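Everything numeric here is computed off the predicted structure, so don't read it as measured data.
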Amino acid sequence: MMKTSLLRQAAASRVAFAARPVRMPLRASLAIRAAAPVHRPVTSLLRFYSSESAAHESAAPHQELVTRFADLPQLGVHERIVNAITKGMKYENMTDVQTMTVNSALAGKDVVAQAKTGTGKTLAFLVPIVQRIIAQDPELADRRRGKARADDIRAIIISPTRELAEQIGVEAQKLCQGTGVVVQTAVGGTQKHAMLRRTRFEGCHLMVGTPGRIHDLLSDPTTGIDAPRLGALVLDEADRMLDVGFKAELEQILKYLPSREDVPRQTLLYSATLPKNVVGLARQFIDPRNFEFVQTIKSDEVPTHERVPQFIVPCRGFENLAPTLLELIRRDVAKAKSNPDRLPFKAIVFLPTTASVMANSYIFRRLKYSDPTMPKILDIHSKLAQATRTRAAEEFRHSESAILFSSDVSARGMDFPNVTHVIQVHLPQDRDLYIHRIGRTGRAGKQGEAYIMVSDVEIPAARDRLPGLPIQRCTDFENASIDITQESELPPLFKEVQDAAHKAPFELLNDTYASYLGNAIRDVDRQDVVDEINNMAKYTWGMQEPPAVSPRLISQMGRRVSGLRALDGPSLRRGRTIGREFGDRDSYGRGGSRGGGRNFSGDGFDQMERAAREEGRPRYGGRGRGPSANF
DNA sequence: AAAAAAC
C-alpha cells in the first residue's frame, strides 16, 4: 500500500514536470548553454514531456508496475538475473527509481531518470541492460565459454571516474554471475595490454569504463575491440557526462558506434541531479519519440535526504579550519565509542585541491601518532597512481572506522558502506556537487550527517551557492571562533596541528598554498583568498612568512593583490621558511616582529584584514543578492 | 598553479 502511494506521488511528479521551476547553478547553466545551444524552443519540449507522460499514464496504470524483484520474470527478465538479485544480493523490494525505470526500460524505452543518491540507480540500469543482452542472444542465459568475442560488444556504460566505473563493473559482474554475459572494465591508469589480453580471451558483452579509455580502445583499430551491434548505452552521472569537458569526448565515442538508424539502441541516462535542459543536451543520445523522463524527487522537494542533517560551521578564518576539523573528529569519534547505538566513525573529508588533500591527510596521519583514538587516515585524488587510488577506495570500503581525505573523485556515485560523516572543507564548485558529496552518507536507508566548514569570508558565497537546502548553522566548536591574532598562546588544537604540520615536507605545504591561489584565479575577490591563506600558512602551519610562489602565479592573481612573496625574486630569500620558534608568543600575533616591507606580519596587513572583517563588507565572491539560504 | 579524464 505504502509502495503504491509512493509510486503515485512519483508518477504525479512526472506530470508536474512541465510546471516545475528548476533551479540550477548559474555557472553550470552558462557552461552548458555555451557547449550546446538548444535549438528547440523550451516550451515545446515541456509540452512534449506532458503528453509523453500522459500517454504513459493511460497505457500503463501503475498498479501493473512490478515492484518486487521476484516478480520481474513477468516482464520477461531471465530467472538467472532475478536469482542473482534475490539470492545473491538479497534484495527483495525495488526502490522507487528501480520500479519506475526498470518497467519502462524493459519496454524498450529510452530513460532519463533522476533519483536521490543511494537509492539504487546502478541496479536500475543494469537489470534492463543485461536482460536486453540476453534477449538478443538467448543462449547467453547459460554459462558457457568460448562464445564471447571482443569485437561484438552489446552494451556500454560510461562513468565520470575510474573508481565509479570499477564499482559498477563489480555490481554488473554480480548480476551476470549465473549467465554467459561477460563484463569487462575499461579505465585509464591501468595496463591496457593486460586488459586487451583478457578481453580477447574472455570476450566482452558489457563494457563499463571511463570516456578516455573507452575512446582509446574503440578508436585504435589494432585492439580488436568493436561494437557493431551495440544495443544499449548508459551514461551514469548523466549531467556530468553531458557537461563541458566530457561531452566532446562522448561525441567522439559515438563516431565509433553504429548509428541508431542502423542498429536500434537503447540509451539510459541517470543522475541525482539533472539540469532542466538535459533532454536538450542529450538529444544526440536519446530517441525523442520513445523516451521516458522519470523523477522520483518531487518538484518541491529538496534533492537531499531528510535523514541526513546538514550543518554549516562558520570559522573565523582559514587558519581555524584544521583545528576545528580535529575538534569535530575527536568529538564524534568519542560519541560513537560511548554510544553503542551509533555506527563507528567513518568520514569522508572533501577538500578543494589535490594538494590540500595530500597536506591534510599528512597532518592528520601525523596526529594519529600521538592520538590512538584517531581512526585510520586514507586519501584519494587524481594525482595518485591508479593502483594506489584503487587500494585506498577498497580499504575505505572495507574499513569499519576511517577517515578518507578526498578530492571530488569521490563526490559522485561512490558507494562506501556506513559512512557516518561527510565533511566538506570550503565550498564545492556548485550546488549539485554539494548534493552529490553529501550523498556519500545516508545511503540505503542508513543514517548520516553532513558538515560544511567554511571561513566567515566564504559565507556570502555559501548563501549564494547553496540556496534552498536545509542547512543549519552550527556553533558547537570552540576552535571555529577563536581569533588567533588575539591569543597570547596557541590554543591546544592549533598547537597539535602546527606540530604535525612542522613535520610535513616543505613542498607539500608550499604546493598546497600555491594550489589555493590557482584555485582562486577565477574568484571575484582574490585578495581575500590571499589574506586567508597567509593566515593559514602562519597559524595553522606555523610558517614565519608566506611560501614563495612563482612570479607568474602572482601576476595571474592581479597587480592589485598584495601579500604574496615571489619565488626567485631579486632581493628575496627562497627556501624553507618554517621557523623553529613557533609556539613562542612573539613569533605570531600582534606582538610579532615588525620588519616592514614584505615581512609577513609587520606590514599592517593583519590590521587591514581585521578592519575589513569588522566592516562586514561582502567579500569572497558573494553577490550580495540578499539572503537566499537560512544559515 | 586550479575536480576529472588516454597514451
Query raised in the report: Hey, do the aromatic rings of Phe405(A) and His381(A) have their centres closer than 6.0 Å?
Result: no
Out of [options], whichever nucleotide has its closest atom nearest the side chain of [X]:
{"X": "Thr353(A)", "options": "dA6(B), dA4(B), dA2(B)", "result": "dA2(B)"}
{"X": "Ser382(A)", "options": "dA2(B), dA5(B), dA6(B)", "result": "dA5(B)"}
{"X": "Glu163(A)", "options": "dA5(B), dA1(B), dA6(B)", "result": "dA5(B)"}

Starting at [atom1] of [X] and ending at [atom2] of [N], how long is that distance when rounded to a whole Å?
{"X": "Asp216(A)", "N": "dA5(B)", "atom1": "CG", "atom2": "P", "result": "15 Å"}
{"X": "Asp511(A)", "N": "dA2(B)", "atom1": "CG", "atom2": "C1'", "result": "13 Å"}
{"X": "Glu166(A)", "N": "dA5(B)", "atom1": "CD", "atom2": "C1'", "result": "14 Å"}
{"X": "Ile521(A)", "N": "dA3(B)", "atom1": "CD1", "atom2": "C1'", "result": "15 Å"}
{"X": "Leu242(A)", "N": "dA5(B)", "atom1": "CG", "atom2": "P", "result": "17 Å"}
{"X": "Asp430(A)", "N": "dA4(B)", "atom1": "CG", "atom2": "P", "result": "15 Å"}
{"X": "Arg522(A)", "N": "dA2(B)", "atom1": "CZ", "atom2": "C1'", "result": "7 Å"}
{"X": "Glu249(A)", "N": "dA4(B)", "atom1": "CD", "atom2": "C1'", "result": "11 Å"}

Requested in this report: Return the orientation label for the Tyr270(A) and Phe125(A) ring planes: parallel under 30°, perpendicular over 60°, tilted otherwise.
Outcome: perpendicular
At under 4.0 Å, does any side-chain N or O of [X] touch on OP1 or OP2 of [N]?
{"X": "Ser407(A)", "N": "dA4(B)", "value": "yes"}
{"X": "Arg437(A)", "N": "dA3(B)", "value": "no"}
{"X": "Thr161(A)", "N": "dA3(B)", "value": "no"}
{"X": "Arg389(A)", "N": "dA5(B)", "value": "yes"}

Query raised in the report: Is there a donor on the side chain of Gln556(A) or the base of dA1(B) sitting less than 3.5 Å from an acceptor on the other?
Result: yes
Query - hbond_proxy Arg240(A) side chain to dA3(B) base (donor-acceptor, 3.5 Å cutoff) - result: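 When only heavy-atom distances are counted, Arg240(A) does reach the base of dA3(B) through a donor-acceptor pair under 3.5 Å.
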Students often get this wrong, so: under 4.0 angstrom with heavy atoms, is [X] touching a base, only sugar-phosphate, or nothing?
{"X": "Arg552(A)", "answer": "base"}
{"X": "Leu517(A)", "answer": "nothing"}
{"X": "Tyr516(A)", "answer": "nothing"}
{"X": "Ser550(A)", "answer": "nothing"}
{"X": "Pro352(A)", "answer": "sugar-phosphate"}

I want to check something: taking the side chain as every heavy atom from C-beta on, are [X] and [Y] in contact at a cut-off of under 4.5 Å?
{"X": "Val497(A)", "Y": "Leu325(A)", "value": "no"}
{"X": "Leu469(A)", "Y": "Phe631(A)", "value": "no"}
{"X": "Arg412(A)", "Y": "Ser159(A)", "value": "no"}

Query raised in the report: How long is the gap from OG on Ser356(A) to CD1 on Ile533(A), to the nearest 0.5 Å?
Result: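 Interatomic distance, Ser356(A) OG to Ile533(A) CD1, rounded to 0.5 Å: 11.5 Å.
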